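Below: one structure, written as structure tokens.
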Amino acid sequence: MDSTLEATCIEAGRRLGYDLYVYRSRREIDRLPASVREGFDHAAARGPAREAPDRFTRKWLQLRTQAVVRGRSFDEQVTPLLLQKLDVAQCPVTRVALTHGELKDSDWSVDRLNNDGGYAPNNLAVMSTRANKAKGRRSFEEVQHLACLDAPSEGLQPIEWLRM
């Protein structure tokens with residue numbers, strides 16, 4: 001890995017660790033990269049004010065954690081406020097009302113539209129967990145093909161694949 005890129009990844013991990021401390025999230029901290037633990041421990045030693053996160057901040061922390069673990073870029077413009085602006089009442093793919101934190105297929109999920117891209121404002125959309133799981137790592141061409149079929153596939157109707 002390029003030394004500049006490696007330094008950037010380490011710094012992103014440290015900032016994430018610091019924020020995980022501030023927002024009272026100790027979730028899986030021991031299984032995350034060393035840089036995240038360093039940031040968490042640094043924050044714990046400094047003792048900044050801790051805050052209870054809202055659902056947008058929790059999702060922001062979750063997405064940043066996924067980015068660090070997957071080695072994906074995470075644009076600084078992706079904030080809890082941006083996630084709030086992206087939020088919708090119903091899934092644009094399945095058209096079901098979105099739920100939050102109920103561990104259901106209808107729970108809101110943030111998807112990277114282009115799976116090869118990073119976490120950036122123009123590459124994110126809110127949809128149901130069911131739609132996001134069905135899309136998985138599929139390319140645009142694969143989604144287009146599924147939309148042209150006559151029968152449901154991978155848990156979605158052709159019209160739902162078309163909306164994807």
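Since this is a predicted model, take the numbers as computed values, not measurements.
Across every non-hydrogen atom of Cys9 and Ser35, the tightest pair is O-OG, 4.3 Å. Across Gly47 and Tyr21, no two heavy atoms sit closer than the pair CA-OH, 4.4 Å. A pairwise comparison of heavy atoms in Ala131 and Thr94 identifies CB-CG2, 4.2 Å as the closest pair. Closest non-hydrogen pair, Pro158 versus Ala151, comes out as CG-O, 3.6 Å. Ala120 and Leu124 make their closest contact through O-CG, 3.2 Å (heavy atoms, listed as atom of the first residue, atom of the second, distance).
For the ring-ring contact (aromatic ring centres under 6.0 Å, His included) condition, the pairs that include at least one residue of residues 84-128, sequence neighbours left out, are Phe56-Trp108, Phe74-Tyr119, His100-Trp108.
Proximity of Leu16 to Leu61: side-chain heavy atoms (C-beta onward) are separated by under 4.5 Å at one or more points. Leu82 has its side chain out of reach of Gln77: every pair of non-hydrogen atoms, C-beta onward, lies at least 4.5 Å apart. Using a 4.5 Å cut-off on side-chain heavy atoms (C-beta onward), Arg138 and Glu154 make contact. Within the 4.5 Å cutoff, side-chain heavy atoms of Ser128 are placed close to those of Leu98. Looking only at side-chain heavy atoms (C-beta outward), Glu160 and Arg95 stay at 4.5 Å or farther from each other. A heavy-atom distance below 4.5 Å is not found between the side chains of Thr129 and Ser106. Residues Gln90 and Val96 are not in side-chain contact: their nearest non-hydrogen atoms beyond the backbone lie 4.5 Å or more apart. Looking at Arg72 and Arg64, their side chains never come closer than 4.5 Å, going by heavy atoms from C-beta outward.
Rounded to the nearest 0.5 Å, atoms CG (Asp41) and CD (Glu38) are 8.5 Å apart. Distance check: Arg137 CZ to Asp116 CG gives 8.5 Å after rounding to the nearest 0.5 Å. Distance check, rounded to the nearest 0.5 Å: CG of Asp107 to CG of Asn132 gives 12.0 Å. To the nearest 0.5 angstrom, Asp75 atom CG is 10.0 Å from Thr79 atom OG1. With rounding to the nearest 0.5 angstrom, the CD atom of Gln62 is 7.5 Å from the OG atom of Ser109. Atom CG of Asn115 is separated from atom CZ of Phe140 by 13.0 Å, given to the nearest 0.5 angstrom.
Hydrophobic cluster membership differs between Val36 and Ile10, with clusters built from Ile, Leu, Val, Met, Phe, Trp and Tyr side chains linked at under 4.5 angstrom. Trp60 and Leu113 end up in different hydrophobic clusters when Ile, Leu, Val, Met, Phe, Trp and Tyr side chains are linked at under 4.5 Å. The hydrophobic cluster containing Leu86 also contains Val88, counting ILVMFWY residues as joined when their side-chain heavy atoms lie under 4.5 angstrom apart, directly or transitively.
Salt-bridge check for Lys135 with Asp111: passed, with a basic side-chain N closer than 4.0 Å to an acidic carboxylate O.
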Please test Val126 against Leu83 for side chain to side chain contact (heavy atoms under 4.5 Å, CB included), starting from the C-alpha separation and ending with a verdict.
-> CA-CA 8 Å; Val126 171; Leu83 296 177; over 6 Å; no

Quick one: do Gln84 and Asp87 satisfy side chain to side chain contact (heavy atoms under 4.5 Å, CB included)? Show the steps, please.
-> CA-CA 5 Å; Gln84 187 174 2; Asp87 194 24; 5.6 Å; no

What's the verdict on side chain to side chain contact (heavy atoms under 4.5 Å, CB included) for Leu162 and Gln144, showing C-alpha distance, side-chain angles and the deciding distance?
-> CA-CA 7 Å; Leu162 186 61; Gln144 248 183 337; over 6 Å; no

Please lay out, stage by stage, how His145 and Glu142 fare under the test side chain to side chain contact (heavy atoms under 4.5 Å, CB included).
-> CA-CA 5 Å; His145 170 74; Glu142 291 170 308; 5.6 Å; no

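Judged by a 6.0 Å distance limit and a 45° cone about the ring axis, Arg58 is not positioned over the six-membered ring of Tyr23.
Using cut-offs of 30° and 60° for the angle between ring planes, the His42 and Tyr18 rings count as tilted.
Hydrophobic cluster membership for Leu146: Val93, Met127, Val143, Leu149, Leu156, Trp161, Met164 (Ile, Leu, Val, Met, Phe, Trp, Tyr linked by side-chain heavy atoms under 4.5 Å, directly or transitively).
Formation of a donor-acceptor pair under 3.5 Å by the Asn123 side chain with backbone atoms of Arg112 is not found in this model.
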